[in-house]
Structures are given as structure tokens and as C-alpha cells.
Protein chains: 2
Amino acid sequence: MTTDTIMVIDDDQDLREGIVEILEGNNFSVIACESAEKAMQKIRIEVPRLIIVDNMMPGMGGMAFMPLVKNDYPRIKIIMITAFSTVDNAVAAMKSGADDYLAKPFKRDELLVAVRRNLEVLKFEQQLSEPDMDETLSSLSNPIRRQILAVLSLEGEMRFMDITRYLGISDHTKVNFHLKNLKACNLVSQDRDKSYCLTSHGVKMVDYLHLLSQKIS
Amino acid sequence: MTTDTIMVIDDDQDLREGIVEILEGNNFSVIACESAEKAMQKIRIEVPRLIIVDNMMPGMGGMAFMPLVKNDYPRIKIIMITAFSTVDNAVAAMKSGADDYLAKPFKRDELLVAVRRNLEVLKFEQQLSEPDMDETLSSLSNPIRRQILAVLSLEGEMRFMDITRYLGISDHTKVNFHLKNLKACNLVSQDRDKSYCLTSHGVKMVDYLHLLSQKIS
DNA sequence: TCTTTTTGTGAAATAGACTTCACAGAAACC
DNA sequence: GGTTTCTGTGAAGTCTATTTCACAAAAAGA
């Protein structure tokens, strides 16, 4: 399991180091910065998943910093911390791109809860946009390819021309095209005698397609 | 629940009527023909899901009949019945397009088992090629659309521009395009104040996607 | 060996999905 | 009222997926 990298930006050294300590004590990998300007540079070197930034700082404040980061890295989560907390302040922070808002002084657990919650949200979002998901889903979105999976699931193993005839497709190169696609996605494989069959991944996907068809209807 | 239509082709009136009786007694809708030629005509009027055809008949036999049918209607399942059963005979029948093979005399239950088995196979195949499935899967195969679903799943309800900003997409018309697609597939809907939210179908699909992402990784 | 069937490749044509751009009405804001 | 932001449409262009076609090596049959 890889640890999540978190960036902490605060000009107050005591507070900054306190936060770093809490986070590192909980197995997060931390990058600390004393200003938003420094942070902008460091982000380019290693992109964190989450940023904790103070609102009031000399130079660029958190409020100005957030839109800049969100523009370049829309998926980074930002938690803003602030000393003088008001409703207006909180609303303004959210509008500027903060994903969460923490008023000083906060407890150790308040910080950790906020951090974990935001990392969970991030994980949730990312799960649905994984590249593997992309490949698999677009492969499954073609009806001919799904028919091929269905046939192979029923028959276990089939020769190229048998699949073609079974589906009633006259142009065999068309079937070839789709089989190639299925092979590329690792849904189907070919053994030594050239027969096609489902991979274990392919078997799972057929299961899931049936699940889906039940959900749809 | 709609009943499956089965076509029975046999020149022997007694046997034909016996089969019809068994099938109708089990709530199938039956079309009986005394020759393959008649059957070819009747198929055009109502397409059965399954055909039970005798091999030996005056005029066109089952062996010649099957390729003709399979060519026009590759999805119809065909059970061949035959009096003089040999291995070679069975193999030849399967090669000509039979999906199953029954030797005379057969028991009532043997017939019903074969019929049900073949209808199950048909159902299995068809589940994976439903048009709804097509629409849903191709909609889900786009990463931006999946991100929109994720965001709506987290936030519950969102305005158009909030979604656009959340995803960090500069061209709002692009988001509009994908939202339209999601609406067309009934995954997302819009309430009176123009906010977008997941439909119940959309909620199911987000569930499904998470299941899928676990299986993939 | 000669022929046919199977299995396959790659290029060109077509269709479909996605993006971009120019514009516009509606609503919110000043 | 005038201005800005939100929400949306439609056309044109671009990129990707799919189909079709021409061809060919390998395997199976005759």
C-alpha cells in the first residue's frame, strides 16, 4: 500500500511542525512549506493528493493560492485552516476551491478526520476514472464483443470460424477485429491450437455483465 | 412473462401432435408444421425462439432445412430429432447447425429438458446483447461521464457550473455534452431549479462501477 | 500436389463519438 | 436598466471506432 502525500503550508513554524508530526505519526508522507509561493514550486516536483493551507500568511494567502492550484491540478483536495472563523469566511473559502475548512484551534483528531475524509472522497472519485476501467468498459460497450463473450462463456472454447458462423456474421475479418480488441483487453485469450477462450478476467466480466443486465431491467 | 414460441416440424402426425401436446401442457406457445417447406413460410410470419425438426421427412429434411434457417435467423435454436441415431449422424446434425439432438423414441421429460436447456442458453446470450445494455455501457465507458456520476454521487445534487468547475474542465459546453448523454441514458436527471442529480438507475450504476473497479484491480 | 478452408494483416472508407467554437436566452447581480 | 454569470444549442472540425476490401500465409482435405 502506497502512502498518501500531503502538503502542509503554514508560516507559523510551531503549528506547521505540529501538523507534520501528527500526519507523519499516522503514516502519511508529508511535504512542509512556509509559504504559498514555495508550495507552488514544490507541487511541480511532487504532486500531493491533499493540501492543508493556512488562510492568513505573509505574501500569498490561502484564498489566492487555492484557485491557482485547482486550475493546474483540479483533483488535489484542499483543506483550509483559519484563525478567525466566521460563516462568511468559510463560505468564501469553499467558493475559492477549498474542499474542507478547519477553524483554529483544532484538535489532533479533528485534523485527522478531515484528512481521512477528504482522501476517501478522492479515492472514490478516482476509482471511477481508472484507465483500466476505461479500457474494459469501452470494450464491453460493443454488442458484438459481448456476444462473443457470451458464446465463449457457453461453449468454453471455440475456433475462429465457429464463432463467426455462430454469430451469423458474414465478414470474418469483422469478427477478427473484435477478437483482437478482446485479446488486447485481456478478456479473451488463444491457446496453442488457436482456439479462443475466456481469460479469468473475461469470466468475471461475463458475470458482471449479467449482474448489470439484472440491474438495468 | 411472455411465453416462448416453439415451432415443431414433423411429417408424422401422431408424433407431431404428441410433441405439441407436451409443449402446450407446459405453457409454451406452439406452431406445428408437417413439412420443412411449410415451416419456411410460417417462420416469416412469426419467428419462433426454438425449432424442433425431424431429420427424415418427405421433401426437405431437417439436415437441409437447418442451414437455411440459421442463415436468415442465426439466433433461433434448433433441436433435431431422428429415428436412426448414430454418432456420425449426431455429429453431422451439429455441423449443419443443430443446437441439440434427440434420438427417437424419447421420453416426455427428455424433450422438456432439451427445450428448457436451449431456451436458457438463448436467454443467456440475449441478456448480453440487450439494447439497454448497449446504451448504458457506452455511456459508462467515458471517463468524464464517470467522473460526473462520481461527483453527483458524493454531492447528491449540483448546479451545472459547479460540476464544470469541480472537474476542472474549462469548456462548459463539453460538460453539457456529457450531461446530455447521461440524461438520455436516464442516469442523471434535472429538477425544477436546474440542479443535476443521479436517477435511481444512476445510483445503481455507480454501485456497479465500484464493484467493477474492485474486480478489475 | 492441388484446392479449399481457416486464420489473419493492413489500408481505405465510413460512421460515430467527442471537442471546439460562435452564439443566445434566462437568471442573477449591480 | 445594464452587466455579468449561468445554462444551453447547433454547426464544424477532429479524433476514434468500426466496417469493408484486397490480399496472403498456414492448415486441412482431396
Side-chain angles (χ1 to χ4, degrees), chain A residues 67 74 88 91-92 94-97 129 131 133-149 151-152 155 157-185 187-197, chain B residues 67 88 91-92 95-97 129 131 133-149 151-152 155 157-185 187-197:
Chain A
D88 286 352
V91 170
M94 299 307 276
K95 278 196 178 174
S96 299
S129 52
M133 190 95 150
D134 232 61
E135 201 186 34
T136 304
L137 280 170
S138 61
S139 188
L140 295 179
S141 74
N142 180 294
I144 294 179
R145 287 197 288 267
R146 289 203 303 280
Q147 281 180 31
I148 293 176
L149 293 180
V151 168
L152 289 177
E155 305 280 327
E157 199 182 279
M158 266 176 117
R159 312 296 300 274
F160 174 70
M161 283 309 288
D162 291 333
I163 296 173
T164 304
R165 278 187 290 265
Y166 196 105
L167 300 183
I169 293 173
S170 56
D171 185 350
H172 70 278
T173 66
K174 186 170 174 175
V175 177
N176 200 315
F177 169 82
H178 291 291
L179 276 169
K180 236 164 148 179
N181 181 305
L182 289 167
K183 273 202 285 181
C185 295
L187 290 166
V188 158
S189 66
Q190 219 174 350
D191 40 21
R192 324 95 234 149
D193 68 334
K194 298 195 171 181
S195 284
Y196 289 91
C197 61
Chain B
D88 285 352
V91 170
K95 279 197 178 172
S96 299
S129 53
M133 189 97 152
D134 231 63
E135 203 185 33
T136 304
L137 279 170
S138 62
S139 188
L140 296 180
S141 73
N142 180 293
I144 295 179
R145 288 197 288 268
R146 289 202 303 278
Q147 281 181 31
I148 294 176
L149 293 180
V151 168
L152 289 177
E155 305 280 327
E157 200 182 278
M158 267 177 117
R159 312 297 300 274
F160 174 70
M161 283 311 287
D162 291 334
I163 297 174
T164 304
R165 278 186 290 264
Y166 195 104
L167 300 184
I169 293 173
S170 56
D171 185 349
H172 70 276
T173 65
K174 187 171 174 173
V175 177
N176 201 314
F177 170 82
H178 291 291
L179 275 168
K180 235 165 147 179
N181 181 306
L182 289 168
K183 273 202 286 182
C185 296
L187 290 166
V188 158
S189 67
Q190 220 175 348
D191 39 22
R192 323 94 234 153
D193 69 334
K194 297 196 171 179
S195 284
Y196 289 91
C197 61

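The analysis underlying the following values was restricted to heavy atoms, covering all of them including side chains, and did not include hydrogens, waters or symmetry mates.
For A:Arg159, taking side-chain heavy atoms from C-beta onward, the closest of the listed nucleotides C:dC18, C:dG8, C:dT6 is C:dT6. Closest contact between the side chain of A:Thr173 and the listed nucleotides C:dG8, D:dT19, C:dC18 involves C:dG8. Of all nucleotides listed (D:dT19, D:dT18, C:dG8), C:dG8 comes nearest to the side chain of A:Lys194. Here D:dT7 is the nucleotide among D:dT20, C:dT19, D:dT7 with the atom lying nearest to any side-chain atom of B:Phe160. Counting only heavy atoms from C-beta on, B:Phe177 has its side chain closest to C:dC18 among D:dC6, D:dT9, C:dC18.
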Requested in this report: Begin from the C-alpha positions of B:Leu167 and B:Lys174 and carry the test side-chain contact (heavy atoms from CB on, under 4.5 Å) through to its verdict.
Outcome: CA-CA 11 Å; B:Leu167 300 184; B:Lys174 187 171 174 173; over 6 Å; no
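We find that CG of A:Leu179 is positioned 11 Å from P of C:dT9, with the value rounded to whole Å. One interatomic measurement links the two molecules: CG of A:Asn176 to P of D:dA25, which rounds to 17 Å at whole-angstrom precision. If you measure from atom NE2 of A:His178 to atom C1' of D:dT16, you get 14 Å, rounded to the nearest angstrom. Put simply, CD1 on A:Ile169 is 12 Å from C1' on D:dT18, counting in whole angstrom units. Atom CG in A:Asp171 sits about 13 Å away from atom C1' in C:dT7, given to the nearest Å. Rounded to an integer number of Å, the gap from B:Ile148 CD1 to D:dT7 P is 13 Å. Between B:Met161 atom CE and D:dC6 atom P the separation is 5 Å, expressed in whole Å. A straight line from CG of B:Leu182 to P of C:dC18 spans 11 Å, rounded to a whole angstrom.
DNA chain D is contacted by both A:Asn142 and B:Asp162; B:Asp162 maps to the nucleotide lying nearer its 5′ end (nearest heavy atom per residue). With DNA chain D read from its 5' end, the first of the two nearest nucleotides for A:Ser141 and B:Asp193 is the one closest to B:Asp193.
Heavy atoms only, all atoms of each residue included: B:Ser139 and B:Leu182 are closest at OG-CD2, 3.7 Å. Across all their heavy atoms, A:Phe160 and A:His172 have their closest contact at CZ-O, 3.2 Å. A:Ser195 and A:Arg159 make their closest contact through OG-CD, 3.2 Å (heavy atoms, listed as atom of the first residue, atom of the second, distance). Pairing each heavy atom of A:Glu135 with each of A:Ala184, the nearest pair is OE2-O, 4.0 Å.
The one candidate from A:Val175, A:Ile163, A:Ile148 that meets the side-chain contact (heavy atoms from CB on, under 4.5 Å) condition with A:Ile169 is A:Val175.
Within 4.0 Å of A:His172, counting heavy atoms only, lies at least one base atom of the nucleic acid. The residue B:Ser138 sits apart from the nucleic acid: no heavy atom pair falls under 4.0 Å.
Side-chain nitrogen and oxygen atoms of B:Lys180 include none within less than 4.0 Å of the OP1 or OP2 phosphate oxygen of D:dG8. Within the 4.0 Å cut-off from OP1 or OP2 of D:dT5, not a single side-chain nitrogen or oxygen of B:Arg165 is found. Taking only side-chain nitrogens and oxygens, B:Asn181 never comes nearer than 4.0 Å to OP1 or OP2 of C:dA17. Close to D:dG8, at under 4.0 Å from its OP1 or OP2, lies a side-chain N or O of B:Tyr196. For B:Gln190, a side-chain nitrogen or oxygen approaches OP1 or OP2 of D:dG8 to under 4.0 Å.
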